[in-house]
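Working notes for the structure below.
Each ligand, and each atom within it, is numbered from 1 in the order the structure gives. One-based numbering along the sequence shown.
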Amino acid sequence: MAAAGTLHDAFIDELRDAYDAEKQLIKALPKMAKAASSPALRAAFEGHLKETQGQVVRLEKAFASLDEKVRGKHCDGIEGIIEEGKSVMEEDFDDATMDACLIAGGQRAEHYEMAAYGSLIAWARAMGHTEAAGLLEQNLAEERAADKKLSALAEGGINRDAASQAHSNGDSEEAKPRTPKKKAASRR
Ligand code: ZN
Ligand code: FE
Ligand code: FE
């Protein structure tokens with residue numbers, strides 16, 4: 001009978017998952033950059049693409065520090081987030097709304113990565129894998145910064161621009177208050 005897997009085995013598994021997630025994002029980020037209308041948003045995605053390439057290198061160093069072969073294991077979670085992003089990019093939204101949606105999708109990816117790295121770092125520290133923990137912390141810091149940058153872009157004008165076109169048909173609550181009945185009917 002095989003011995004039960006340990007936290008170390010789970011850690012290596014999750015490291016492979018994170019490695020695969022970063023590789024998937026290296027393919028997705030250029031598409032998000034291309035779909036962005038705001039030059040600042042496009043630059044943010046392109047900048048994070050460069051960082052993501054560096055994150056892959058750090059993960060390779062983490063594998064080496066643990067005497068593990070560099071190997072990915074398909075990350076279903078990030079695949080799902082990327083698939084949702086692709087669906088949004090196929091929509092016929094106005095430019096500012098598309099940018100707002102790209103930010104929302106990008107932030108889903110960042111938060112997923114932040115959660116994954118948070119656990120990986122805690123496990124690495126608990127097992128005394130100091131070098132790997134340090135490398136993972138650098139990746140986490142970049143994910144946090146990317147998330148903050150996306151928030152700043154959204155709050156710095158993109159959401160306002162998108163909202164300004166949201167009720168251009170005079171359908172805003174300010175322009176035409178809805179009766180409770182009509183409001184209920186419009187709910188999906
Ligand atoms: Zn270990
Ligand atoms: Fe990443
Ligand atoms: Fe990221």
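For Glu137, the salt bridge (charged side-chain N to carboxylate O under 4.0 Å, His left out) criterion is met by Arg125, not counting sequence neighbours.
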Between Gln165 and Thr97, is the side chain to side chain donor-acceptor pair (under 3.5 Å) condition met? List the steps.
CA-CA 9 Å; Gln165 296 176 60; Thr97 297; over 6 Å; no
Would Glu155 and Asn159 satisfy side chain to side chain donor-acceptor pair (under 3.5 Å), going step by step from the backbone distance to the final call?
CA-CA 6 Å; Glu155 286 156 20; Asn159 285 352; 6.0 Å; no
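Inside a sphere of radius 2.8 Å centred on the Fe ion (ligand 2), the protein N/O/S atoms present are Glu22 OE1, Glu22 OE2, Gln55 OE1, Glu113 OE2, Glu143 OE2.
Pairs of residues two or more places apart, or lying in two chains, that qualify as salt bridge (Lys or Arg N to Asp or Glu O under 4.0 Å) and include a residue from residues 43-59 are Arg58-Glu142. Evaluation of the ring pair (Phe, Tyr, Trp, His ring centres under 6.0 Å) test over residues 47-69, restricted to residues two or more places apart or in two chains, returns Tyr19-Phe63.
Annotation: Arg42, atom CZ; neighbour count of heavy atoms from other residues, nucleotides and ligands within 6.0 Å is above 12.
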